[in-house]
Colleague: 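Starting off with a structure, shown below.
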Amino acid sequence: MNKTKNMIFAGILAAAVFASCTSDTPDNSAQKAAEKAAGISAIVPAGAKLEKIAVDYKFDTAGLPCWYNGDLYFTNNIFDPRENSKTMKLAADGTLTVVRPDNGVTTCSYLTGNGTFYCCEMVGHRITEMAPDGSIVRTVVGAYKGVRLDGPNDMTLDKKGGFYFTDSHFSPGEELMQDVPCVYYVAPGGAITRVIDDITFPNGLELSPDEKTLYVVNTKDEVDKGRTIWAYDVNSDGTLSGKRAFAELELSAENESKADGVSGADGTAVDIEGNLYVATTQGLGIQVFDMNGAHIGNIDCPVPCNNLSFGGPGMKTLYVSALDGVYSMPVKIAGKVQGK
C-alpha cells in the first residue's frame, strides 16, 4: 500500500526475493525449513496453496479484501493519476462488477457490523462509510485537530464500535499535512485521539480476539528495517499503554544486506486462536505468529502480497490481495469476524 517515499513504495511493491538468510549454513537452513513446514501445517491443509480468483484488472496494489454475504469486495489501487482506483465485487457465481469506479485509492474496506463498510481512502484523505452498492453513506473522519489526514491506510474495529487506523504519512503526489506518521483511535461517538506517534511507517494493525492487545507492524525503519511487530495494552477508553516488541519478522536476504532494507510489512489479520498473519511485500509471503509471538511459519505467495482477511463458510478461507490480483486458500483455523 505504501512508500523519496514514492520510490520506497515502488521498491516495496516491485521486490520479490525468496531467499533465506545468508548467515545460515545449509544444514541449519534445511532444519529451519522443516520446522516451519511442521508449524504451518497446523494452519494450512496438506496440499493447499494460494490460487488466483480475480484477474483481468490492472493492479499497482490491491486493497484489503472483504468478504460479505457470499461476495468478495476488493480494490485495484492505481497510483497513476490518469486512471481511477476501483472497488469491485466478486459474486459467489463468479460475476465481477465495479461498485465504485473512483474510490480515492481505498486501501482498506472493513465491515462495520451494520451491513456497511468503513473505507480508508489514502488519496481521499478520509475514512468513509460505504454501502454494499458502492454509494457513500458519510465521511466518518477526515481530519485531526482541524488538519486533514494524509493517507488513512489500514484499520481494525473493536466490539464497542470504535476503531483504530493508521495514517502512514504517505499520500502520493500530495502535500503532507500531519506532522508525523500516526495511529489514531476513533471512539464510538466520533472523537478522534492520536494514540501512537513514534513508529516510522505504521501500516497493518489488528486487535487480539479478546481485544486486550493491539498489534502494529512497521513497513520500514532506520533502526531495525521494520522487522519489529509492536504490541500495546488496550485501555478502557481506547488509549494504549505498555508498548513492547511482540515478534520479529523475517527479512529477505537482499533487505538484510542493504543498509536501507525494509521488512515491507503490510496488512494483518488474526484468527480465533490469536495467531497473527502479516503480509509482506518483499517476497516472503505471509508470516504467521502465535499469540505469544513465536514464528509459526510462512505461507508462500506467488508474488509480493499486500493485504489479507478471512471469509467464506465458517470463516475458513484466507483471501490475499497481491501485486497482480486476489488469491484465496482454505485454512484450518477460522478467522476473527470483522465488525463484531
Colleague: ring-ring contact (aromatic ring centres under 6.0 Å, His included) with Y73: which residues, sequence neighbours excluded?
Modeller: F117
Colleague: Could you give the distance from OG (S168) to CG (D154), rounded to the nearest 0.5 Å?
Modeller: 8.5 Å
Colleague: Side-chain donor-acceptor pairs under 3.5 Å in residues 136-144, sequence neighbours left out?
Modeller:
unit_1 : atom_1 : unit_2 : atom_2 : d
R138   : NE     : E129   : OE1    : 2.7
R138   : NH2    : E129   : OE1    : 3.4
T139   : OG1    : R126   : NH1    : 2.9

Colleague: Which residues pass the salt bridge (Lys or Arg N to Asp or Glu O under 4.0 Å) test with D167, sequence neighbours left out?
Modeller: none
Colleague: Between E211 and D158 (side chain of the first, backbone of the second, donor and acceptor by atom type, cut-off under 3.5 Å), is there such a pair?
Modeller: no
Colleague: Just how far is it from atom NZ of K220 to atom CG of D260, taken to the nearest 0.5 Å?
Modeller: 10.0 Å
Colleague: Test I40 against every option in N298, I286, V288 by the side chain to side chain contact (heavy atoms under 4.5 Å, CB included) rule and name the one that passes.
Modeller: V288
Colleague: Whether the side chain of E206 engages the backbone of L214 through a donor-acceptor N/O pair (distance < 3.5 Å, no angle test) should be reported.
Modeller: no
Colleague: Among Y118, Y215, Y185, Y110, exactly one meets ring pair (Phe, Tyr, Trp, His ring centres under 6.0 Å) together with Y164. Which residue is that?
Modeller: Y185
Colleague: Identify the residue among P302, C305, S328 that makes a side chain to side chain contact (heavy atoms under 4.5 Å, CB included) with V320.
Modeller: C305
Colleague: Keeping K336 on the side-chain end and L207 on the backbone end, is there a donor-acceptor pair under 3.5 Å?
Modeller: yes
Colleague: Tell me, do F201 and T166 make a side-chain contact under 4.5 Å, heavy atoms counted?
Modeller: no
Colleague: Do N114 and T116 have side-chain atoms, one donor and one acceptor, less than 3.5 Å apart?
Modeller: no
Colleague: Less than 4.5 Å apart, any side-chain heavy atom of F310 and any of L318?
Modeller: yes
Colleague: Of all residues at least two apart in sequence or in a different chain, which pass the salt bridge (Lys or Arg N to Asp or Glu O under 4.0 Å) check with D179?
Modeller: R194
Colleague: State, with a plain yes or no, whether a side-chain heavy atom of N307 is found less than 4.5 Å away from one of D266.
Modeller: yes
Colleague: Within the distance-only criterion (no hydrogens, no angle test), does the side chain of H125 pair as donor or acceptor with the backbone N or O of D150 below 3.5 angstrom?
Modeller: yes
Colleague: Can a donor-acceptor pair be found between the side chains of T128 and E121 at a distance below 3.5 Å?
Modeller: yes
Colleague: How would you list all residue pairs meeting salt bridge (charged side-chain N to carboxylate O under 4.0 Å, His left out) that involve residues 231-240, not counting sequence neighbours?
Modeller: D233-R244
Colleague: Kindly indicate whether the side chain of W230, heavy atoms from C-beta on, has any atom under 4.5 Å from the side chain of I196.
Modeller: no
Colleague: By side-chain contact (heavy atoms from CB on, under 4.5 Å), which residues pair with K212, not counting sequence neighbours?
Modeller: D210
Colleague: Could you walk me through whether E256 and R227 satisfy the salt bridge (Lys or Arg N to Asp or Glu O under 4.0 Å) test, starting with their C-alpha distance in whole Å, then the side-chain angles of each, then the deciding distance to 0.1 Å, before giving a yes or no?
Modeller: CA-CA 10 Å; E256 285 280 12; R227 73 176 75 232; 3.2 Å; yes
Colleague: Apply side chain to side chain contact (heavy atoms under 4.5 Å, CB included) to D197 and C182, showing your working.
Modeller: CA-CA 5 Å; D197 62 3; C182 289; 4.0 Å; yes
Colleague: Verify the distance criterion only: is there a donor paired with an acceptor across the side chains of Y327 and D324 at less than 3.5 Å?
Modeller: yes
